[in-house]
Enquirer: 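Pasting a structure below so you can have a look.
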Amino acid sequence: MFLYDALYNRLLFARWRVQCREFPRINGRVMIADFTPNGEGGTVRIGRKVVINSALWANPVGGVRTVFLFKGAGAVIEIDDGAGMSNVLLAAFSSVYIGRNVNLGAGVKVFDNDFHSLDYEERMADRNLKSAPVRIEEGAFIGSDAIIMKGVTVGARSVIGAGAIVTKSVPPGEIWGGNPAKLIRKL
């Protein structure tokens with residue numbers, strides 16, 4: 001099984017032209033989903049010493065697979081050196097950046113877009129999608145099942161509590177949690 005997973009991931013990364021400074025350690029199979037209008041896809045860049053858990057057996061908490069999803073043709077998902085993640089969803093219309101030594105807990109979702117307009121006619125025509133880049137900076141930790149929304153920057157070494165929904169930027173060195181997430185305390 002593990003040999004087939006490794007082969008699958010290498011073929012998938014080649015097909016999508018994923019740019020790796022060093023091929024990540026992947027436990028399970030990653031999924032790349034293309035929701036762009038014309039199937040243009042996007043770009044994934046991965047640094048060194050990245051660990052991706054992407055199977056229920058790799059981490060039974062929060063989800064069954066890691067998914068890189070493109071909603072915009074020029075979308076970029078960048079995962080910097082030393083990052084680790086378990087069964088996460090990274091969805092980009094413009095850009096999602098995961099910084100050095102960031103840990104994304106099981107089932108974390110990062111969305112740089114709304115996926116659809118709130119207006120019925122725009123939604124049916126897949127127009128006027130709101131999007132803003134997301135940055136999770138060096139050493140941050142995002143707890144299990146947290147959701148990071150469009151336009152958010154999570155500052156360096158900050159901690160986001162499990163299940164939090166983050167709708168505004170978090171300064172460096174703080175702990176945030178809740179729905180919507182708010183400051184719990186400074187580190």
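Not measured: the values here are computed from a predicted model.
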Enquirer: Just so I know, are the side chains of W16 and V30 near enough to count as touching, which here means a heavy-atom distance under 4.5 Å?
Expert: no
Enquirer: Provide the closest heavy-atom pair for S54 versus R65 in the form atom of the first, atom of the second, distance.
Expert: OG-CG, 3.4 Å
Enquirer: For T167 and A181, indicate whether the former's side chain and the latter's backbone hold a donor-acceptor pair under 3.5 Å.
Expert: no
Enquirer: Are S131 and N113 close enough that a side-chain donor and a side-chain acceptor fall under 3.5 Å?
Expert: no
Enquirer: Does I147 belong to the same Ile/Leu/Val/Met/Phe/Trp/Tyr cluster as V110, with side-chain heavy atoms less than 4.5 Å apart forming each link?
Expert: no
Enquirer: In this structure, would V51 and V102 fall into the same cluster of hydrophobic residues linked by side-chain contacts under 4.5 Å?
Expert: no
Enquirer: Output yes when a side-chain donor or acceptor of D112 lies under 3.5 Å from a complementary backbone atom of V96, and no otherwise.
Expert: no
Enquirer: Check the hydrophobic clustering (I, L, V, M, F, W, Y; side-chain heavy atoms under 4.5 Å; chains of links allowed) and say if I32 and I52 are grouped together.
Expert: yes
Enquirer: For a quick test of reading the model, state the closest non-hydrogen atom pair linking G177 to I184 and the distance between them.
Expert: N-CD1, 3.5 Å
Enquirer: Rounded to the nearest 0.5 Å, what's the gap from CZ on F93 to CG on D114? Could you check?
Expert: 11.0 Å
Enquirer: Does any part of the side chain of F23, heavy atoms only, come nearer than 4.5 Å to the side chain of N9, both counted from C-beta?
Expert: yes
Enquirer: Determine yes or no for a side-chain-to-main-chain donor-acceptor pair under 3.5 angstrom, with D81 supplying the side chain and G47 the backbone.
Expert: no
Enquirer: Does one hydrophobic cluster hold both I46 and V88, with members joined at side-chain heavy-atom distances below 4.5 Å?
Expert: yes
Enquirer: Return the minimal non-hydrogen interatomic distance between V61 and N87, and the atom names on each side.
Expert: O-ND2, 4.2 Å
Enquirer: Check whether any side-chain N or O of N38 sits under 3.5 Å from a backbone N or O of E40 as a donor-acceptor pair, and report yes or no.
Expert: no
Enquirer: If we only count heavy atoms from C-beta on, is the L89 to F111 side-chain gap below 4.5 Å?
Expert: yes
Enquirer: Roughly how far, to the nearest 0.5 Å, is the CZ atom of R10 from the CD1 atom of I26?
Expert: 8.5 Å
Enquirer: Which pair of non-hydrogen atoms, one from I142 and one from V154, has the smallest distance, and what is that distance?
Expert: CD1-CG1, 4.1 Å
Enquirer: If you look at every heavy atom in D80 and V50, which pair is closest and at what distance?
Expert: O-CG2, 3.5 Å
Enquirer: Quick one: NZ on K109 to CG on L69, what's the gap to the nearest 0.5 Å?
Expert: 12.0 Å
Enquirer: Quick one: does any side-chain atom of N179 pair with a main-chain N or O of I165 as donor and acceptor, under 3.5 Å?
Expert: no
Enquirer: Quick one: does F68's side chain get under 4.5 Å of L12's, heavy atoms only?
Expert: no
Enquirer: Working to the nearest 0.5 angstrom, can you tell me the gap between M149 CE and K130 NZ?
Expert: 12.5 Å
Enquirer: Between N128 and S117, does the side-chain hydrogen bond (donor to acceptor under 3.5 Å, both in side chains) criterion hold? Intermediate values first, please.
Expert: CA-CA 6 Å; N128 294 331; S117 173; over 6 Å; no
Enquirer: Please say yes or no: joined through hydrophobic side-chain contacts below 4.5 Å, possibly via intermediate residues, are L183 and V152 part of one cluster?
Expert: yes
Enquirer: Which heavy atom of E22 sits nearest a heavy atom of K49, and at what distance?
Expert: OE2-N, 3.0 Å
Enquirer: Between atom OH of Y8 and atom CE of M31, what is the distance when rounded to the nearest 0.5 Å?
Expert: 7.5 Å
Enquirer: Would D119 and R127 pass as an ion pair if we require N to O under 4.0 Å?
Expert: no
Enquirer: Hey, does the side chain of N103 reach the backbone of F141 with a donor-acceptor pair shorter than 3.5 angstrom?
Expert: no
Enquirer: With heavy-atom distances below 4.5 Å as the criterion, would you say the side chains of Y97 and V76 are in contact?
Expert: no
Enquirer: Evaluate the side-chain proximity of I79 to M85: yes if any heavy-atom separation is below 4.5 Å, no if none is.
Expert: yes
Enquirer: What distance separates N27 CG from W57 CH2, expressed to the nearest 0.5 Å?
Expert: 4.5 Å
Enquirer: Within the distance-only criterion (no hydrogens, no angle test), does the side chain of S158 pair as donor or acceptor with the backbone N or O of E174 below 3.5 angstrom?
Expert: yes
Enquirer: Measuring only between side-chain heavy atoms, which start at C-beta, is R29 closer than 4.5 Å to Y4?
Expert: yes
Enquirer: Is the number of heavy atoms from other residues, nucleotides or ligands under 6.0 Å of R25 CZ greater than 12?
Expert: no
Enquirer: Give a yes or no answer on whether the side chain of T153 reaches the backbone of S169 with a donor-acceptor pair at less than 3.5 Å.
Expert: no
Enquirer: For the residue pair L104 and L90, establish whether any side-chain heavy-atom pair is separated by less than 4.5 Å.
Expert: yes
